[in-house]
Peer 1: 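Sending over a structure as structure tokens; questions will come in a sec.
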Amino acid sequence: MNRIRIRRPDDWHLHLRDDALLEAVVPATARSFGRAIVMPNLKPPVRTVSDARAYRERILAACPVDSDFEPLMTLYLTETTTVDDIRQAAESDFVHAVKYYPAGATTNSDSGVRELERAYPVIEAMEKHGVPLLMHGEVTDGDVDVFDREAVFIERHLEKLRSTFPALKMVLEHATTSDAIDYVKSASGPIAATITVHHLMFNRNALFEGGLRPHHYCLPLIKRERHRQALVAAATSGSERFFLGTDSAPHPKHAKESDCGCAGVYSAPAAIELYAEVFEAAGALDHLEGFASLHGPTFYGLAPNDDFVELEKSPWTMDAELTAGGETIVPLRAGNEIGWRQVR
Ligand code: DOR
Ligand code: ZN
């Protein structure tokens, strides 16, 4: 197969930032994706429906004129989120989910939740109103190894959430381990997981290949090879519980190549092409459309996009650096060849 045509995909987990950086990165996503679930971890975070409305307007203003890109907004779950915030989210037609960050787990997560149980009344309202809970599924305890944070979250929190709120729609975002895959595959109730392209491409050796590689540093961290293989098997399996979420998260080059570098991989400029590489390598190009374009809308109760994109096997080289909003950003696969090209 040298050319494939699939229904236009959506990105179910994306960081678009704000201001000049927002303007610079939106076109990369809008070129391929019809919609994206936009993460709320701005500074200050997107806490309320009125914050989300204003942010959505800024995103739309940054979209290329010929694009129909639709940002699907999320609220940031804090310890002060109210049941009324959830009701308003459910009544709006542009807020599609609420994002849980454990405080201190990742970029701009300091407004996150310190004790998940404290948010249970708000989560109960989400269950009642059908608002999905998107989880950064990691614990932050100092005595838990950073590579085990996701597995321990599943053990300590996920099962309890499931049994307390059996009808709650939940997405385990950026699944990185076989533990996450096994849990999501077998759990009862409406649960799914997004999988990033960088977690499909790399095992943790990529963090240390010939030296320290800050551009492969993201959270949750990339894991051992056996975990990567479990992610590829799940993404390419055809199961509706797994769908595309890039977690594309741009940071200026200087902020990544630093004494205390930021977590995040900027994959948007070649995301769908890189997913195609992974699916081709797994002999599963026929399952790319389900993963990229169909399973996500089904979970969120939306119709799939009604247009199509085409990808062709014709190598090109990703720029070593991109200029965005006055900053230099190093994209995923910088300076290297990418096997697929989006031609339509
Ligand atoms: O690598 C990451 N970057 N993981 C996250 O959870 C947040 C993201 C960001 O906003 O930079
Ligand atoms: Zn993210």
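Quick note: numbers below take in every heavy atom, side chains included, and nothing from hydrogens, waters or symmetry partners. In each ligand, atom 1 is the first atom listed, and ligand 1 is the first ligand listed.
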Peer 1: Identify, for atom 4 (N) of ligand 1, the protein heavy atom at the shortest distance, and state residue, atom and that distance.
Peer 2: Leu219 O, 2.7 Å

Peer 1: Which residues satisfy the salt bridge (charged side-chain N to carboxylate O under 4.0 Å, His left out) test with Glu257, sequence neighbours excluded?
Peer 2: none

Peer 1: Which heavy-atom pair separates Ile37 from Leu134 by the least distance, and what is that distance?
Peer 2: CG2-CD1, 3.8 Å

Peer 1: If you take all heavy atoms of Thr196 and His199, which pair is closest and at what distance?
Peer 2: OG1-ND1, 2.6 Å

Peer 1: Are any non-hydrogen side-chain atoms of Pro269 and Arg333 less than 4.5 angstrom apart?
Peer 2: no

Peer 1: Could you tell me if the ring centre of His198 sits under 6.0 Å from that of Phe202?
Peer 2: no

Peer 1: Starting from the Zn ion (ligand 2), count all protein N, O or S atoms within a radius below 2.8 Å.
Peer 2: 3

Peer 1: Is the distance between the ring centroids of Tyr300 and His96 under 6.0 Å?
Peer 2: no

Peer 1: Could you list the residues that satisfy side chain to side chain donor-acceptor pair (under 3.5 Å) with Arg58, not counting sequence neighbours?
Peer 2: Asp18

Peer 1: Starting from atom 3 (N) of ligand 1, locate the nearest protein heavy atom and write down its residue, its atom name and how far away it is, to 0.1 Å.
Peer 2: Ala263 O, 3.0 Å

Peer 1: Looking at Cys218, which atoms of ligand 1 are within less than 4.0 Å of one of its heavy atoms?
Peer 2: 1 (O)

Peer 1: Within the 4.0 Å heavy-atom shell around His136, which atoms of ligand 1 are there?
Peer 2: 6 (O)

Peer 1: Would you mind telling me if ligand 1 is within reach of the side chain of Arg17, the backbone, both or neither, using heavy atoms under 4.0 Å?
Peer 2: side chain

Peer 1: Would you mind telling me if ligand 1 is within reach of the side chain of His251, the backbone, both or neither, using heavy atoms under 4.0 Å?
Peer 2: side chain

Peer 1: Within a 6.0 Å radius of atom CG on Asp68, are there more than 12 heavy atoms belonging to other residues, nucleotides or ligands?
Peer 2: no

Peer 1: Can you list the ligand 1 atoms lying under 4.0 Å from a non-hydrogen atom of Ala249?
Peer 2: 3 (N), 8 (C), 9 (C), 11 (O)

Peer 1: Which pairs, with at least one residue in residues 133-156 and sequence neighbours excluded, count as a salt bridge (charged side-chain N to carboxylate O under 4.0 Å, His left out)?
Peer 2: Asp141-Arg156

Peer 1: Could you pull out, from Leu42, Asn41, Thr106, the option with a heavy atom nearest to atom 6 (O) of ligand 1?
Peer 2: Thr106

Peer 1: Is the shortest side-chain N to carboxylate O distance from Glu91 to Arg87 below 4.0 Å?
Peer 2: yes

